[in-house]
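Structure record follows, encoded as structure tokens.
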There are 2 protein chains.
Amino acid sequence: MEQDSSAAYLRARSLPGQRVTPQRLLLLGLIRRAQGHVDADEIYRRARERNPHISLSTVYRALRLFKKMGLVEELHFNEEHHHYEVKPPSQHYHMVCMECGKVIEFLSPLIGRIVEEVNREYDFTVTGGEVSLVGYCQECRSQETRTEAKLDE
Amino acid sequence: MEQDSSAAYLRARSLPGQRVTPQRLLLLGLIRRAQGHVDADEIYRRARERNPHISLSTVYRALRLFKKMGLVEELHFNEEHHHYEVKPPSQHYHMVCMECGKVIEFLSPLIGRIVEEVNREYDFTVTGGEVSLVGYCQECRSQETRTEAKLDE
DNA sequence: AGGCAATTGCGAATCATTAGCAATCGTGAA
DNA sequence: TTCACGATTGCTAATGATTCGCAATTGCCT
Ligand SMILES: [Mn+2]
Ligand SMILES: [Mn+2]
Ligand SMILES: [Zn+2]
Ligand SMILES: [Zn+2]
């Protein structure tokens, strides 16, 4: 089942001394099956359905660990908090509407080319990366025309 | 001088109703001449040298405005707070070391290709974008080998 | 010059994330 | 299988960054 494959997966990439705990397995499983962008609170909410005693701290600690281990990608949209998704992120970009916050996702091989380029030119081990474009979606662009972009609203 | 060109620049892009204030001119001038990544606090610190009464709120409000106006780019490194730089960001990427936080910057035409691609395929007005790769720099990678990545330290 | 909405400065919220610490638990050795 | 010890967890209490609310100012248009 899910749990087992995550256990093997996690144990295989753990450094000596690191433990495979039920909390980590639960969290990794959730993120893997989430298919998309989830933030810490959403993960916490879902995790509590399975383990009502799990703590939000544990969620953050696991996310930090998974990020360092290269298992998840941290996404920075036009918001104060962050989102996460499992890797490999199938070479896609994100476009974020600065008005409504909508996130459009699309595939492209160019991101792979960028990583190649870096590996060739720099002494830097790339474990992940993010391409995110900001702008305005079609709906918001039309509204913009009459509303004339109030800074706050 | 600086102030004048910023004034013209700012006024030219302001929407009706928006005002060109001395605070905004000061802040935009600072960011323009900063050449690189500055965060809100750094901008605030520098701004106070010129105008000791300027408020941190004003800094944040100006940054939000400049971002919406497309004058500055907001950068999301591996940190809790954000950094800013003027646009156009001359088509460069950032590589952030997850261990020491160092940011390496490099040029490449691929980012332009991505924007072209999006303009061709989607109904989305791109006003900016960010490509940032995460990983480990050469120094941190060597240390990693003995220290074996403690999560916290 | 006069009027008014936009903007500023404060100070007090919020929100996301992290720290501190005692109680547990996973793991590798015996 | 049992033990021992360090890694991890769950609280709760900090931090840190950013935003809000509001009265006092001040651009900007007539
Ligand atoms: Mn961010
Ligand atoms: Mn830069
Ligand atoms: Zn939108
Ligand atoms: Zn480094």
Side-chain angles (χ1 to χ4, degrees), chain A residues 3 7 10-12 14-28 37-45 47-48 50-69 74-84 101 147-153, chain B residues 3 6-7 10-12 14-28 38-45 47-48 50-69 74-84 101 147-153:
Chain A
Q3 206 80 335
L10 191 51
R11 179 160 283 115
S14 290
L15 292 170
Q18 279 189 351
R19 295 178 183 175
V20 174
T21 66
Q23 289 91 335
R24 288 179 181 174
L25 286 178
L26 169 57
L27 294 169
L28 184 56
H37 325 122
V38 276
D39 58 27
D41 261 315
E42 181 59 29
I43 295 171
Y44 179 45
R45 205 172 306 121
R48 268 186 302 181
R50 298 286 204 111
N51 171 355
H53 290 305
I54 198 168
S55 141
L56 182 56
S57 291
T58 298
V59 172
Y60 277 108
R61 282 186 290 233
L63 287 173
R64 181 146 44 114
L65 176 67
F66 297 159
K67 181 170 56 157
K68 273 216 161 185
M69 294 173 73
E74 183 177 70
L75 304 173
H76 302 248
F77 295 152
N78 197 40
E79 295 187 73
E80 201 39 50
H81 63 281
H82 298 147
H83 291 80
Y84 301 85
T147 317
E148 287 310 359
K150 287 276 184 290
L151 176 53
D152 32 42
E153 72 181 41
Chain B
Q3 205 81 334
S6 281
L10 191 51
R11 180 160 283 115
S14 291
L15 293 171
Q18 281 188 348
R19 295 176 184 178
V20 175
T21 67
Q23 288 91 334
R24 289 179 180 173
L25 286 177
L26 170 58
L27 294 169
L28 184 57
V38 278
D39 58 28
D41 262 315
E42 181 59 28
I43 295 171
Y44 179 46
R45 204 171 308 121
R48 268 185 303 181
R50 298 290 203 107
N51 171 355
H53 290 305
I54 197 169
S55 143
L56 182 54
S57 292
T58 298
V59 172
Y60 277 109
R61 282 186 289 232
L63 287 173
R64 182 148 41 115
L65 177 68
F66 296 160
K67 182 170 55 155
K68 274 217 161 184
M69 294 174 72
E74 182 176 70
L75 304 173
H76 302 248
F77 297 151
N78 198 39
E79 296 187 73
E80 200 40 50
H81 62 281
H82 298 147
H83 292 80
Y84 301 84
T147 318
E148 286 311 0
K150 288 276 185 292
L151 176 54
D152 32 42
E153 71 182 43

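Owing to the predicted nature of the structure, the values given are computational and were not obtained by experimental measurement. Computed from heavy atoms alone, side chains included, the values below leave out hydrogens, waters and symmetry copies. Each chain gets a letter, A, B and so on, in the order its sequence line appears, and its residues count up from 1.
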Between [atom2] of [N] and [atom1] of [X], the distance in whole Å:
X: A:N51; N: C:dT24; atom1: CG; atom2: P; value: 16 Å
X: A:K68; N: D:dT8; atom1: NZ; atom2: P; value: 13 Å
X: B:E79; N: C:dT18; atom1: CD; atom2: C1'; value: 14 Å
X: A:H53; N: C:dT24; atom1: NE2; atom2: P; value: 13 Å
X: A:L25; N: D:dA7; atom1: CG; atom2: P; value: 19 Å
X: A:R24; N: D:dA7; atom1: CZ; atom2: P; value: 11 Å
X: A:I54; N: D:dC11; atom1: CD1; atom2: P; value: 11 Å

Sugar-phosphate or base contact per nucleotide [nucleotides 13-21 of chain D; S, B, -; heavy atom under 4.0 Å]: ----SBBBB
Nucleotide-resolved protein contact map, nucleotides 23-30 of chain D, B/S/- at heavy-atom distance under 4.0 Å: ---BBS--
Residues in ring-ring contact (aromatic ring centres under 6.0 Å, His included) contact with A:H83, at least two apart in sequence or another chain: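 Counting only residues at least two positions away or on another chain, A:H83 forms a ring-ring contact (aromatic ring centres under 6.0 Å, His included) with A:F77, A:H81.
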With sequence neighbours excluded, residues passing ring-ring contact (aromatic ring centres under 6.0 Å, His included) with A:H82: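 ring-ring contact (aromatic ring centres under 6.0 Å, His included) check on A:H82 returns A:H76.
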Partners passing side-chain hydrogen bond (donor to acceptor under 3.5 Å, both in side chains) against A:N78 (at least two apart in sequence or in another chain):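 For A:N78, the residues satisfying side-chain hydrogen bond (donor to acceptor under 3.5 Å, both in side chains) (neighbours in sequence not counted) are B:K67.
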With B:Y44 via side-chain hydrogen bond (donor to acceptor under 3.5 Å, both in side chains) - residues at least two apart: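 Residues passing side-chain hydrogen bond (donor to acceptor under 3.5 Å, both in side chains) with B:Y44: none at all.
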With sequence neighbours excluded, residues passing side chain to side chain contact (heavy atoms under 4.5 Å, CB included) with A:S57: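 A:S57: side chain to side chain contact (heavy atoms under 4.5 Å, CB included) contacts with A:S55, A:R61.
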Degree of bending, the helix from C:dA1-D:dT30 to C:dA30-D:dT1 (end axes from five pairs; round to 10°):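 For the helix from C:dA1-D:dT30 to C:dA30-D:dT1, the axes at opposite ends meet at about 50°.
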Please list each protein N or O that sits under 3.5 Å from an N or O in nucleotides 2-4 of chain D, with the distance.
none

Heavy atoms, side chains only, cut-off 4.5 Å: are [X] and [Y] in contact?
X: A:M69; Y: A:S14; answer: yes
X: A:L65; Y: A:Q18; answer: yes
X: B:T58; Y: B:T21; answer: no

Taking every non-hydrogen atom, the tightest pair across B:L27 and B:A47: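 That would be CD2-CB, 3.8 Å.
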Set of residues satisfying salt bridge (Lys or Arg N to Asp or Glu O under 4.0 Å) with respect to B:E42, sequence neighbours excluded: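 With neighbours one apart ignored, the set is B:R45, B:R46.
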Could you run down the sub-3.5 Å N/O contacts of the protein with nucleotides 28-30 of chain C?
none

